[in-house]
Number of protein chains: 2
Amino acid sequence: MAPATKNRGVSPRLVERLSLYRRVLQQAGAAGARATYSHELAAACRVSAVQVRRDLMTLGHSGSTTSGYEIQPLLSVIDAYLGDTGSVPVALVGIGHLGRAVLAFLCWRHPRFVPVAFDRDPRLTERVLDGVWCFPIDRMADAIREQHIRVGVVCVPAPEAQRVSEQLVTAGVTGILNFAPVTLFLPNHVFVETIDISVALEKVAFFTR
Amino acid sequence: MAPATKNRGVSPRLVERLSLYRRVLQQAGAAGARATYSHELAAACRVSAVQVRRDLMTLGHSGSTTSGYEIQPLLSVIDAYLGDTGSVPVALVGIGHLGRAVLAFLCWRHPRFVPVAFDRDPRLTERVLDGVWCFPIDRMADAIREQHIRVGVVCVPAPEAQRVSEQLVTAGVTGILNFAPVTLFLPNHVFVETIDISVALEKVAFFTR
DNA sequence: CTAACAGCGTTACTCGGTTCACAGCTGCCC
DNA sequence: GGGCAGCTGTGAACCGAGTAACGCTGTTAG
Ligand SMILES: NC(=O)c1ccc[n+]([C@@H]2O[C@H](COP(=O)([O-])OP(=O)(O)OC[C@H]3O[C@@H](n4cnc5c(N)ncnc54)[C@H](O)[C@@H]3O)[C@@H](O)[C@H]2O)c1
Ligand SMILES: NC(=O)c1ccc[n+]([C@@H]2O[C@H](COP(=O)([O-])OP(=O)(O)OC[C@H]3O[C@@H](n4cnc5c(N)ncnc54)[C@H](O)[C@@H]3O)[C@@H](O)[C@H]2O)c1
């Protein structure tokens with residue numbers, strides 16, 4: 001009934017947009033740009049220009065009338081807000097088709113998140129996959145505690161998802177990205193984000209006509 | 001700037017919830033249940049009971065005071081609303097890590113969507129992957145036209161996503177599920193749903209503390 | 001010099017979605 | 001039988017995210 005998580009008073013949409021802004025700004029910066037206007041950033045994120053300005057306002061950041069927002073300072077502000085405390089260890093459970101894809105993605109494309117892999121299939125564990133050591137599932141709690149892992153990614157089959165995420169939580173994880181098509185029932189202090197590919201496909205199929 | 005798609009006057013959130021309801025009801029039905037109450041359905045979907053009742057009201061469906069909603073009739077109503085016209089062919093472009101996972105998922109777990117696979121890597125094409133024939137990318141437009149495919153799934157690297165989705169659209173696709181971390185610029189009549197795993201992870205990391 | 005212009009910051013408002021509150025109905029128990 | 005408990009249906013209130021509108025500042029062209 002309740003939306004569960006308190007969101008710490010921050011709207012998830014805002015966080016999503018900030019994350020988008022950051023990526024776009026990083027790319028723009030890498031391409032040599034030094035500053036950008038709210039409407040440029042907006043267009044690149046499919047958002048209105050006022051929305052960009054307002055979001056940056058809530059961050060307490062101001063641009064200049066003449067040249068818009070300088071990219072580097074703005075990036076610093078966003079980083080500070082999103083809590084860029086360097087690399088974030090992530091417990092990735094279930095190294096099947098999807099888990100493997102996420103693993104590869106994190107290793108190659110997303111150095112900020114460093115995955116630690118777990119599976120229960122002995123054919124996958126005790127070896128290196130995509131440059132990451134894969135632990136058997138019964139080592140998971142210890143590994144999470146030792147490395148102070150707070151974020152978990154659940155890529156196990158649907159019937160296992162509830163149990164696995166409970167294990168994650170009792171080991172200390174407080175945020176879960178869930179790919180299994182089930183609703184997880186976890187303590188209220190745990191933030192759960194479910195990516196339900198089936199539902200997304202149904203939605204596309206519905207609006208397609 | 002504009003929200004682009006008209007949504008045909010229907011809220012995407014509603015469609016998501018209906019899709020969830022349907023899945024839960026199917027499982028409940030398979031487990032032998034014959035009817036359910038709004039609060040049960042609500043709990044299973046992390047939604048309030050009034051929300052369920054209101055959603056069903058907009059579908060024009062009524063339950064009984066005594067035993068709630070009968071599962072089978074309700075399923076029929078939801079199917080009719082979501083436009084369950086049997087199987088939906090889907091053009092899946094990019095059979096790398098992620099594309100492969102989606103392919104396997106659709107074939108094994110989601111018979112309603114039947115994927116047709118495309119890639120540009122000759123090592124992947126002209127052969128059967130997970131029971132599906134994989135076409136080379138230059139056969140894509142023809143195949144989409146021949147089979148009247150309306151839904152596309154984009155699993156190619158970010159720099160290719162814009163071009164590939166344009167190809168999909170000119171071939172007749174009007175709805176795209178995009179996994180590439182870029183914003184696509186497409187005609188307004190095309191419905192685009194982007195699943196951005198990076199952003200989702202950042203969100204979880206943010207609310208984790 | 002100054003007038004037109006372009007972009008930012010901010011306040012007030014709009015609008016869609018969610019929830020409240022309550023009425024109506026049905027079965028059950030005393 | 002009559003109250004009671006529990007569920008559905010729904011008008012109205014509520015809430016929050018997004019938007020429009022406006023004033024401000026600095027820049028540029030005439
Ligand atoms: N593949 C997709 O594109 C896709 C799409 C939508 C949803 N999903 C969901 O994601 C999940 C994973 O999908 P998949 O295609 O990778 O499945 P998969 O069968 O390929 O992989 C599942 C993996 O989880 C491991 N596993 C199972 N139980 C475990 C446990 N208790 N502890 C640790 N590891 C365990 C298995 O050994 C296997 O390696 C499923 O819930 C699926 O419904 C997948
Ligand atoms: N793997 C993940 O978990 C993950 C997570 C988030 C986002 N993504 C995004 O999903 C996309 C795919 O990821 P991936 O890990 O599967 O990458 P990948 O490199 O494993 O696969 C990409 C596939 O696309 C094919 N391809 C490239 N250009 C093509 C073209 N023009 N036409 C047809 N096919 C083409 C390649 O041959 C390859 O098979 C990327 O945009 C990635 O950023 C992936």
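Throughout, protein chains are lettered first and strands after them, A, B, ... in sequence-line order, and every chain is numbered starting at 1.
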Under 4.0 Å: is that the gap between some side-chain N or O of [X] and OP1 or OP2 of [N]?
| X | N | value |
| --- | --- | --- |
| T66(B) | dG27(C) | no |
| S38(A) | dC8(C) | yes |
| Q51(B) | dT19(C) | yes |
| S48(B) | dT19(C) | yes |
| S62(B) | dG9(D) | yes |

Task: Base dG11(D) paired with R54(B) side chain (donor-acceptor, <3.5 Å) - done: yes

In whole Å, I'd like the distance from the [atom1] atom of [X] to the [atom2] atom of [N].
| X | N | atom1 | atom2 | result |
| --- | --- | --- | --- | --- |
| L14(B) | dG17(C) | CG | C1' | 11 Å |
| R46(A) | dG18(D) | CZ | P | 16 Å |
| E40(A) | dA6(C) | CD | P | 14 Å |
| H39(A) | dA6(C) | NE2 | P | 11 Å |
| D55(B) | dG9(D) | CG | C1' | 14 Å |
| Y69(A) | dG7(C) | OH | P | 12 Å |
| Y37(A) | dG7(C) | OH | P | 6 Å |
| M57(B) | dT8(D) | CE | P | 14 Å |

Task: Closest nucleotide among dG24(C), dT10(D), dG26(D) to the V50(B) side chain - done: dT10(D)

Open item on the list: Taking the minimum atom-to-atom distance to the side chain of R13(B), which one of dT27(D), dA21(D), dT18(C) wins?
Closed with: dT18(C)

TODO: Report yes if the side chains of F185(A) and Q162(A) come closer than 4.5 Å at any heavy-atom pair, otherwise no.
DONE: yes

Open item on the list: Against D55(A), only a single residue in R17(A), R13(A), R22(A) fulfils salt bridge (Lys or Arg N to Asp or Glu O under 4.0 Å); can you say which?
Closed with: R17(A)

- [ ] Please work out which of the three classes, parallel, tilted or perpendicular, describes the rings of F105(A) and H110(A), given edges at 30° and 60°.
- [x] tilted

Open item on the list: Just to be sure I understand the rule, does S67(B) reach a base, reach only the sugar-phosphate, or reach nothing, if contact means heavy atoms closer than 4.0 Å?
Closed with: nothing

- [ ] On DNA chain D, check which nucleotide each of R53(A) and T36(B) is closest to and give me the residue with the more 5' one.
- [x] T36(B)

Open item on the list: Ignoring hydrogens, what is the shortest heavy-atom contact between V132(B) and V116(B)? Give both atom names and the distance.
Closed with: CG1-CA, 4.3 Å

Task: Salt bridge flag under 4.0 Å for residues E166(A) and R163(A) - done: no

